[in-house]
Amino acid sequence: MAPRLALTACPLDCPDGCTLQVAVEDDQLVRVGAAPKGVGNPLTAGYICAKVKRHAQRAHGSRRVATPLVRVGPKGDAAFRPASWDEALDIVAGRITEAIASHGPASVAPYLYNSSAGVLAANGLTPLLFEALGTSHVFHGICAATAGEAWRSVYGRMLSTDPLDVPHARLVVVWGANPAVSNTHLLPLLTEARRRGAELVVVDPRRTATAARADRWLAPRPGTDVVLALAIARTLSARGLLDRDFLDAHTVGLDGLLAAAEPWTAARAEEVCGVAAGDIEWLAETWATVRPALLRPGWGLERNRNGGAAWRAVLALPCLVGQFGTLGSGVLGATSARSLFDGRALARAVLGDAPPPAAARQLNMATVADWLTDAALDPPVRVLVVQGANPAATAPDQKAVLTGLAREDVFTLVHEQVLTDTARFADVVLPATTHFEADDLVDSYGTYTLQRAAPVIGRVGQARTNDELAAGLAVRLGLDAERFDPTPARLAAIVGVAPLPEPGEVVPVRPPEATVQFRDTFPSHRSRDTAASEPAVRPEGTGRARLWDPALAPLDYVAAPEGDRFPLALLTPATPRSISSLLAEIEPPDGGLHLHPEDAAARGIAEGGRVRVWNDLGELELEARLDADLRPGVATLPKGQWFEHGDGRATANLLAPGHVDVLAGGACFNDARVEVALL
Ligand SMILES: Nc1nc2c(c(=O)[nH]1)N[C@H]1C(S)=C(S)[C@@H](COP(=O)(O)OP(=O)(O)OC[C@H]3O[C@@H](n4cnc5c(=O)[nH]c(N)nc54)[C@H](O)[C@@H]3O)O[C@H]1N2
Ligand SMILES: Nc1nc2c(c(=O)[nH]1)N[C@H]1C(S)=C(S)[C@@H](COP(=O)(O)OP(=O)(O)OC[C@H]3O[C@@H](n4cnc5c(=O)[nH]c(N)nc54)[C@H](O)[C@@H]3O)O[C@H]1N2
Ligand code: SF4
Ligand SMILES: [Mo]
């Protein structure tokens, strides 16, 4: 019999939101591919990435968690016995009850990320279960927190430009993003814009595959973008290139921004950023004159101590030159539909109208290494619940994270699809469904689409969804079973999506004719403190961009304190092999340490040589790769490695520092500074 074809959607933490077509035989996925052209999300355009083509190997692979597991050996050894769901849930509920009785609800820490899960799995019953219990809240500082807060500070709730409008641009500035790897379906749109005459500028310390397609590549030293952006602002002002009409009509805070920019002449900026003054001036002039211009900032901008300042300064630039109001102008930010759902409606339906328990203790994913090892934390963490995340491999300061995960006095539940490096440390592992086995919705942060991921195969092993897990715990913890009913159609209806879209159907989240910023969507800061300068007379939703906010930290540049001890900046960019650590186990990224040939030569290192790379946090032993596409002083290792890759004992995250950005508490992976030597 020929395999059965079915449509679904990809929920992985990738901006593209592809519509998938899978082939199924004997209830097994035999192929994962793209939906035919013309079906589903137009951005998919008939192709998907290579890694998701391998997703069947993951869904049915030997690493899949098939049954609940209960630890029988030392933590970290992955010695488990199988158990029934009932037994495992009883154990977990018992430990949560004990922790609450002995140390209060804040002693329970739910590390719930689910950025590669569907909308319901991520925003459904599990966070509400822990809200109902009044446990600690674990903030998503691991990614995009800084970028999101910067966007809110400048543009409030203004929507992103629609990526489908990219071909209308005549200038595209891609800053700290590498869409050739991490947003591959944007590339054809960039190519189309270039075919129609657009200039592409890429700002990245590496000559990425995106930079290789660009007309100009500017390579700042990592973490110095705030200086580069302020120097552009100063150049625009000094040369009379500011769009005064736009600024007067649509912004506040120009004087504050220009005061912050005043010290940064192009020449002084060149010293700090390593970008030639002439290039800085060229970009300022080009941005002011080539119209329409589009900015696509990336998350590479945020992963350092200056990330918030950099994002805020970069986001202000299009306002200085008035690059808004027409198709092909504006800023491509996150398009997530989740914010359009009525999340509070679900909270009311599940939790009732009772006021939530007293403000929960806030913990941060980005500092898990600290709080999980902090002997003085009051109350201490007694139960850690990890769902939709793999902190052993993905959080900074890995050595401390592992010390925390190995604590005997912390009971750890991991709800997972596969036996990750984190799951190996669990007391109980519960098997999770993949999106091929469960009913859910898929939105994306790089397209204005909402789609259905309906089950295309039966459950693998005894896998359960996140909402089913929450329901199972809720009844054992004395909460109302009906309110915690995990039926997907019920949950979707409550948040405002009824009926569920058909597989392959796309619910447009934003009207196609209303995608232009400062024409169809405007900044709005109404949800935050309303500054005195906020024009109250404007109609709803037509507020101003806030170029500078006196309530926030100054737009300062802080140099890395390591100085000469650790002269190389270690970046850990996304690779085509994985989405974070997901799928890296199938075909791992090359684990070699990339070094610029000059940096290698200065240390007597040749291609393939065994090196040690270290800082105060740890040391890895790896093979060297000479890479002339880096700017000198920059080294790279792949994001998303498992322990078994590369060094074989730890990953790049061993060397990533645990401090956070001041704006939003975002992780600073790319502040890793290292030294390298031949072994
Ligand atoms: N294939 C693939 N796709 C992915 C992911 C993946 O792991 N693999 N991850 C997904 C996720 S979770 C996210 S958040 C996004 C991330 O998407 P991106 O932001 O595109 O990804 P990154 O690789 O983190 O960073 C982008 C670029 O920033 C550069 N960079 C690093 N530091 C600096 C700096 O200080 N200044 C400047 N200007 N550039 C800098 C890096 O060299 C890199 O090329 O991608 C998503 N898509
Ligand atoms: N060195 C370095 N580290 C980084 C970064 C970096 O740039 N450099 N980038 C960071 C970024 S951008 C991000 S987003 C984070 C990601 O950090 P994490 O979210 O911790 O990492 P993932 O690998 O995405 O892990 C997600 C896990 O969720 C599981 N999962 C998927 N769907 C479901 C579901 O429906 N239910 C359940 N229960 N589980 C599910 C997957 O099997 C996978 O193991 O990593 C960060 N780590
Ligand atoms: S990971 Fe991204 S590019 Fe790959 S199939 Fe999923 S949405 Fe598409
Ligand atoms: Mo991310």
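Order of listing sets the numbers, starting from 1, for every ligand and every atom in it. FYI, side chains are in, hydrogens and waters are out, and symmetry mates aren't considered; it's all heavy atoms of this structure.
Annotation for ligand 2: atoms under 4.0 Å from non-hydrogen atoms of T420 are 44 (O). When each atom of ligand 1 is checked for a heavy atom of N178 under 4.0 Å away, the hits are 20 (O), 26 (C), 44 (O). Each of the following atoms of ligand 1 lies closer than 4.0 Å to a heavy atom of G176: 19 (O), 26 (C), 27 (C), 28 (O), 37 (C), 38 (N), 39 (N). Each of the atoms 23 (O), 41 (C), 43 (C) of ligand 2 lies under 4.0 Å from some heavy atom of L582. Which parts of ligand 1 touch W175 is read off a 4.0 Å heavy-atom cut-off, strictly below it: atoms 38 (N). Near A432, meaning under 4.0 Å from one of its heavy atoms, ligand 2 places the atoms 36 (N), 37 (C), 38 (N). The ligand atoms of ligand 2 that sit less than 4.0 angstrom from a heavy atom of Q417 are 30 (N), 31 (C), 32 (N), 33 (C), 34 (C), 40 (C), 41 (C), 42 (O). Residue contact check: R58 has heavy atoms under 4.0 Å from atoms 41 (C), 42 (O) of ligand 2. Listed by number with element, the atoms of ligand 2 under 4.0 angstrom from any heavy atom of Y113 are 14 (S), 19 (O). Ligand-side atoms of ligand 1 in range of N670: 31 (C), 32 (N), range being under 4.0 angstrom from any heavy atom. Proximity to T575 (heavy-atom distance under 4.0 Å) selects the following atoms of ligand 1: 1 (N), 2 (C), 8 (N). Near V203, meaning under 4.0 Å from one of its heavy atoms, ligand 1 places the atoms 38 (N). Residue-ligand proximity, N304 to ligand 1, at heavy-atom distances under 4.0 Å covers atoms 35 (O). Atoms of ligand 2 found under 4.0 Å from any heavy atom of H415, numbered from 1 in the order shown, are 37 (C), 38 (N), 39 (N).
With salt bridges taken as basic N to acidic carboxylate O contacts below 4.0 Å, none links R464 and E416. With respect to the salt-bridge test (charged N to carboxylate O, under 4.0 angstrom), the residues D671 and R303 do not qualify. Comment: R625 does not engage D627 in a salt bridge, judged by the lack of any side-chain N to carboxylate O separation of less than 4.0 angstrom. Contact check on R54 versus E587 returns a salt bridge, with a Lys/Arg side-chain nitrogen under 4.0 Å from an Asp/Glu carboxylate oxygen.
Atom 37 (C) of ligand 1 has as its closest protein heavy atom D225 OD2, 3.5 Å. When only non-hydrogen protein atoms are considered, atom 1 (N) of ligand 2 lies nearest to N653 OD1, 2.6 Å. Looking only at heavy atoms of the protein, atom 21 (O) of ligand 1 is closest to S182 OG, 3.8 Å. Scanning the protein heavy atoms around atom 35 (O) of ligand 2, the nearest turns out to be A117 CB, 3.4 Å. With respect to atom 6 (C) of ligand 1, the closest heavy atom belonging to the protein is S578 O, 3.2 Å. The nearest heavy-atom contact from the protein to atom 32 (N) of ligand 1 is G300 O, 3.3 Å. Of the protein's heavy atoms, Y445 OH, 3.7 Å lies nearest to atom 13 (C) of ligand 1. In terms of protein heavy-atom proximity, atom 10 (C) of ligand 2 is closest to F669 CE1, 3.7 Å. Looking at atom 23 (O) of ligand 1, its nearest protein heavy atom turns out to be A574 N, 2.9 Å. The closest protein non-hydrogen atom to atom 36 (N) of ligand 2 is N466 OD1, 2.8 Å. Protein heavy atom nearest atom 27 (C) of ligand 1, with residue, atom name and distance: D204 OD2, 3.2 Å. At the top of the distance list for atom 9 (N) of ligand 1, counting protein heavy atoms only, stands K639 NZ, 2.9 Å.
With a heavy-atom cut-off of 4.0 Å, A652 does not touch ligand 2 at all. The parts of T572 lying near ligand 2 are both backbone and side chain, judged by heavy-atom distances below 4.0 Å. Contacts of T208 with ligand 1, taken as heavy-atom pairs under 4.0 Å, involve the side chain alone. With a 4.0 Å heavy-atom cut-off, ligand 2 is reached by no atom of R63. Under 4.0 angstrom from ligand 2, the non-hydrogen atoms of D13 all belong to its side chain.
With I579, T394, V368 as candidates, the residue nearest to atom 46 (C) of ligand 2 on a non-hydrogen basis is T394. Looking at E585, R303, Q387 and measuring to atom 7 (O) of ligand 2, the nearest heavy atom belongs to R303. The option with the heavy atom closest to atom 24 (O) of ligand 2, from among P431, P396, S580, A392, is S580. Taking each of H140, M365, E416 in turn, the one with a heavy atom nearest to atom 43 (C) of ligand 2 proves to be E416. Distances from atom 26 (C) of ligand 2 to the heavy atoms of C143, S116, G388, P573 put G388 nearest.
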Practice item. May I have the step-by-step check of side chain to side chain contact (heavy atoms under 4.5 Å, CB included) for W151 and V331, ending in yes or no? Key: CA-CA 10 Å; W151 182 280; V331 190; 3.7 Å; yes
Exercise for review: Test ring pair (Phe, Tyr, Trp, His ring centres under 6.0 Å) on W299 and Y445 and set out the steps.
Suggested key: CA-CA 12 Å; W299 294 272; Y445 54 101; 5.4 Å; yes
Practice item. Report the C-alpha distance between F130 and H137 in whole Å, list the side-chain angles of each, state the deciding distance to 0.1 Å, and finish with yes or no for ring pair (Phe, Tyr, Trp, His ring centres under 6.0 Å). Key: CA-CA 8 Å; F130 292 102; H137 173 77; over 10 Å; no
Exercise for review: Please assess H55 against H60 for the test ring pair (Phe, Tyr, Trp, His ring centres under 6.0 Å), listing each intermediate value before the final yes or no.
Suggested key: CA-CA 9 Å; H55 215 141; H60 299 293; over 10 Å; no
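Between W287 and W175, the ring-plane angle classifies as tilted under the 30° and 60° cut-offs. Relative ring orientation between Y113 and H140 is described as perpendicular, the plane-to-plane angle rising above 60° on a 0-90° scale split at 30° and 60°.
No donor-acceptor distance shorter than 3.5 angstrom exists from the side chain of E468 to the backbone of N466, with no hydrogens or angles considered. N306 contributes a side-chain N or O that, together with a main-chain N or O of V558, makes up a donor-acceptor pair within less than 3.5 Å. No donor-acceptor pair closer than 3.5 Å links the side chain of D16 to the backbone N or O of C18. In this structure a side-chain-to-backbone donor-acceptor pair under 3.5 Å is missing from R63 to V418. H645 contributes a side-chain N or O that, together with a main-chain N or O of W642, makes up a donor-acceptor pair within less than 3.5 Å. Checking side-chain atoms of N183 against main-chain N and O of P15 turns up no donor-acceptor pair under 3.5 Å. Panel note: side chain N304, backbone C668; no donor-acceptor pair is recorded below 3.5 Å.
Polar contact with ligand 1: present for R206 (N/O pair, distance under 3.5 Å). The shortest N or O to N or O distance between C14 and ligand 1 is not under 3.5 Å. The shortest N/O to N/O separation between S115 and ligand 2 does not fall below 3.5 Å. On a distance-only criterion, G223 and ligand 1 share at least one N/O pair closer than 3.5 Å.
Using a non-hydrogen distance threshold of 4.0 Å, K51 registers as a contact of ligand 1.
Residues R58 and Q417 have side chains that bring a donor and an acceptor to within less than 3.5 angstrom of each other.
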